[in-house]
Amino acid sequence: MTVTATTDPEVDKLTGRGTSRGTGGARRRLPRIPDRIRQGGLPYLLLLPAVLLELLIHIIPMVIGIVMSFRQLTQFFINNWGAAPWSGLDNYKIAVDIDAPIGEALLHSFFVTCVFTFFSVGLAWLLGTAAAILLQESFRGRGVLRTIFLVPYALPVYAAVITWAFMFQRDNGMINHVLHDQLGITDEPSFWLIGDNSLYTLIIVSVWKGWPFAFLMLMAGLQNIPRELYEAASIDGAGIWQQIRRITLPSLRPVNQVLVLVLFLWTFNDFNTPFVLFGKSAPENADLISIHIYQSSFVTWNFGTGSAMSVLLLLFLLIVTAVYLFLTSRGRKGADV
């Protein structure tokens with residue numbers, strides 16, 4: 001008895017088996033990737049370039065920096081930093097020893113950065129919130145104002161900060177020209193880029209550069225608040241401040257939770273603004289921790305200690321972020337209940 005195998009095109013379609021004609025008209029089956037595997041692997045394939053860039057730009061340098069923090073890496077081992085002797089936790093002990101000059105300077109820089117971050121983030125959030133609320137109502141010129149408010153966020157950072165550096169010059173800067181020459185507020189031209197005023201200068205530039213991002217985020221969040229809530233509150237006799245307190249701010253809580261965290265991380269890690277304003281050596285009152293780590297690494301050529309400071313900064317930011325996310329998620333769950 002002879003069994004003859006036949007191929008049914010309809011069966012092939014249902015089973016997913018493809019066929020093609022080979023030499024001499026013979027039919028052979030071509031293997032096909034199952035749809036489930038093909039659809040499941042496509043997202044990972046699309047994410048592959050981003051993952052590779054993340055590895056090359058962030059993960060691998062971070063791992064190298066952590067390894068460097070455990071070595072006595074100085075200028076003598078620049079050509080072959082792998083030959084630097086292993087120091088264990090000595091670099092970390094030096095960085096956290098507040099009784100020694102290096103640890104004391106790092107602690108001072110940490111406190112300066114905390115003050116700078118507090119005022120920069122607070123003022124940026126306050127200005128962004130006020131501008132977003134004021135521009136919610138329709139009036140002539142609203143689109144022009146929105147565009148003008150976003151200009152600081154659209155400008156390149158270096159170009160904007162260099163412009164501010166020229167404006168804060170003592171002898172020919174616009175700030176002293178207005179305050180001293182035209183308004184007569186100050187007795188003599190002030191030093192804005194050195195001395196006690198350097199921190200104020202840094203905060204002003206940081207707020208000017210960062211508040212449009214807060215404005216953009218909050219303006220987008222306000223679009224999701226139904227206008228009926230304000231109309232009902234107005235009918236019930238609620239004033240503008242009561243509406244902001246009872247409707248606007250509670251509705252913007254999810255946006256503010258993300259916004260404050262992003263502004264905090266950006267500001268605490270800010271390197272471009274102080275570096276362009278003050279150069280490699282910032283004044284003592286404006287010695288942010290990012291500039292301090294740069295000086296410890298590339299000015300004194302002590303890359304081991306500088307790497308240890310960077311790792312400590314990374315751990316601090318991770319802890320603050322974890323605590324912040326825990327508290328905000330806990331408060332959100334409590335509000336939902």
Side-chain angles (χ1 to χ4, degrees), residues 113-165 167-168 174-175 199-231 233-234 238-274 276-277 288 317 320-321 324-325 328 331-332:
T113 308
C114 290
V115 174
F116 162 72
T117 303
F118 175 79
F119 284 101
S120 296
V121 173
L123 292 175
W125 177 85
L126 185 62
L127 290 176
T129 303
I133 293 175
L134 290 176
L135 293 185
Q136 279 301 108
E137 300 295 334
S138 299
F139 58 89
R140 179 177 296 181
R142 184 178 66 168
V144 176
L145 285 178
R146 285 181 174 179
T147 304
I148 294 175
F149 286 169
L150 292 177
V151 167
Y153 183 67
L155 284 177
V157 176
Y158 277 82
V161 179
I162 288 175
T163 304
W164 276 103
M167 292 170 60
F168 278 112
M174 190 189 73
I175 303 298
L199 182 60
Y200 303 137
T201 302
L202 192 59
I203 292 175
I204 291 172
V205 177
S206 178
V207 171
W208 179 87
K209 183 170 59 72
W211 81 268
F213 176 75
F215 163 71
L216 184 63
M217 294 286 291
L218 293 169
M219 186 174 60
L222 287 173
Q223 304 299 322
N224 297 323
I225 303 177
R227 300 301 303 175
E228 291 79 6
L229 295 178
Y230 293 101
E231 294 175 359
S234 178
I240 181 64
W241 294 112
Q242 291 180 333
Q243 293 179 19
I244 293 175
R245 181 183 177 185
R246 302 294 183 181
I247 300 176
T248 305
L249 294 180
S251 300
L252 290 176
R253 183 175 300 171
V255 178
N256 283 324
Q257 289 174 353
V258 178
L259 175 62
V260 171
L261 179 60
V262 172
L263 288 177
F264 167 78
L265 294 176
W266 282 358
T267 307
F268 209 95
N269 275 320
D270 191 9
F271 174 81
N272 295 327
T273 303
V276 177
L277 277 177
L288 298 187
L317 294 178
V320 171
T321 302
Y324 177 83
L325 292 177
T328 53
R332 185 167 56 251

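One is the number of the first residue; the rest follow in order along the sequence.
Interatomic distance, Ile204 CD1 to Met167 CE, rounded to the nearest 0.5 Å: 9.5 Å. Atom CD1 of residue Ile244 and atom OG1 of residue Thr129 lie 10.0 Å apart, to the nearest 0.5 angstrom.
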Atom pairs and distances, donor-acceptor, side-chain atoms in residues 157-164, under 3.5 Å, two or more places apart:
residue: Tyr158; atom: OH; partner: Asn272; partner atom: OD1; Å: 3.2
residue: Thr163; atom: OG1; partner: Ala159; partner atom: O; Å: 2.8

Distance-only criterion, 3.5 Å: show the donor-acceptor pairs between side-chain atoms of residues 116-123 and protein atoms not counting sequence neighbours.
residue: Thr117; atom: OG1; partner: Thr113; partner atom: O; Å: 2.7
residue: Ser120; atom: OG; partner: Phe116; partner atom: O; Å: 2.8

For residues 216-224, run the donor-acceptor check on the side chains, cut-off 3.5 Å, and write out each pair with its distance to 0.1 Å, sequence neighbours left out.
residue: Gln223; atom: NE2; partner: Gln136; partner atom: OE1; Å: 3.2
residue: Gln223; atom: NE2; partner: Met219; partner atom: O; Å: 3.3

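Considering only heavy atoms from C-beta on, Val151 stays 4.5 Å or farther from Pro212 through its side chain. The side-chain heavy atoms of Pro152 and Trp208, taken from C-beta on, include a pair separated by under 4.5 Å.
For the pair Ser206 and Thr267, the tightest heavy-atom approach, listed with the atom from each and the gap, is OG-CG2, 4.2 Å.
Listed by chain and residue number, Ala238, Gln243, Ile247 satisfy the side chain to side chain contact (heavy atoms under 4.5 Å, CB included) test with Ala233 (two or more places apart in sequence, or in another chain). Applying the ring-ring contact (aromatic ring centres under 6.0 Å, His included) criterion to Phe213, with sequence neighbours excluded, gives Tyr153, Trp266. Qualifying salt bridge (Lys or Arg N to Asp or Glu O under 4.0 Å) partners for Glu231, counting only residues two or more places apart in sequence or in other chains: none. For Ala165, the side chain to side chain contact (heavy atoms under 4.5 Å, CB included) criterion is met by Leu277, not counting sequence neighbours. Annotation: side chain to side chain contact (heavy atoms under 4.5 Å, CB included) contacts of Leu265 (sequence neighbours excluded): Leu261, Leu317, Thr321. Here Arg227 pairs with Glu137 under the salt bridge (Lys or Arg N to Asp or Glu O under 4.0 Å) rule; sequence neighbours left out.
Asp270 and Thr273 are linked by a side-chain donor-acceptor pair at a separation below 3.5 angstrom, with hydrogens and angles left out of the test.
Residue pairs that meet the salt bridge (Lys or Arg N to Asp or Glu O under 4.0 Å) test with at least one member in residues 144-158, sequence neighbours left out, do not exist here.
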Verdict with supporting geometry, Phe215 and Leu135, side-chain contact (heavy atoms from CB on, under 4.5 Å): CA-CA 10 Å; Phe215 163 71; Leu135 293 185; 3.6 Å; yes
side-chain contact (heavy atoms from CB on, under 4.5 Å) between Leu288 and Phe271, worked out: CA-CA 8 Å; Leu288 298 187; Phe271 174 81; over 6 Å; no
Criterion side-chain contact (heavy atoms from CB on, under 4.5 Å) on Tyr324 and Gln257, from CA distance to verdict: CA-CA 9 Å; Tyr324 177 83; Gln257 289 174 353; 3.9 Å; yes
CA sep, side-chain torsions, deciding dist, call: Phe149, Trp211, side-chain contact (heavy atoms from CB on, under 4.5 Å): CA-CA 9 Å; Phe149 286 169; Trp211 81 268; 3.6 Å; yes
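Applying the 6.0 Å contact sphere to CZ of Arg142 captures more than 12 heavy atoms from other residues, nucleotides or ligands.
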